[in-house]
Novice: 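Structure incoming, see below.
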Amino acid sequence: MNSLTREASEKGKIAVELTPEEALALTGVTFNGNPEVKAEARRKIRKAFEKTFDFQYQDRLD
């Protein structure tokens, strides 16, 4: 997988806005009443990465 960075990522930083619960869930705190908290935080981070980097996948056999 090769990645080409956009101009916004030249500083090597990605900004993601998380709720306090989402931030805690990423540190390992579990929310038994709402297990989707951690999943939503991960989705936000993944989406921010996709906006910042252009991923190019090569179809090849290893």
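No hydrogens, no waters, no symmetry mates; every other heavy atom, side chains included, goes into these values.
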Novice: Using a strict threshold of under 4.0 Å (side-chain N to carboxylate O), is an ion pair present between R42 and E36?
Specialist: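 Result for this pair is no, no salt bridge flagged.
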Novice: Can you see which heavy atom on E22 is nearest to which on A41, and at what distance?
Specialist: CB-CB, 3.6 Å
Novice: Which pair of heavy atoms, one from A48 and one from A15, lies closest together, and at what distance?
Specialist: CB-O, 4.2 Å
Novice: Just how far is it from atom NZ of K44 to atom CG of L26, taken to the nearest 0.5 Å?
Specialist: 10.0 Å
Novice: Show the numbers, then the answer: is there a side-chain contact (heavy atoms from CB on, under 4.5 Å) between I45 and I14?
Specialist: CA-CA 9 Å; I45 291 172; I14 296 174; over 6 Å; no
Novice: Step by step, work out the side-chain contact (heavy atoms from CB on, under 4.5 Å) result for L18 and E40.
Specialist: CA-CA 9 Å; L18 300 173; E40 183 61 28; over 6 Å; no
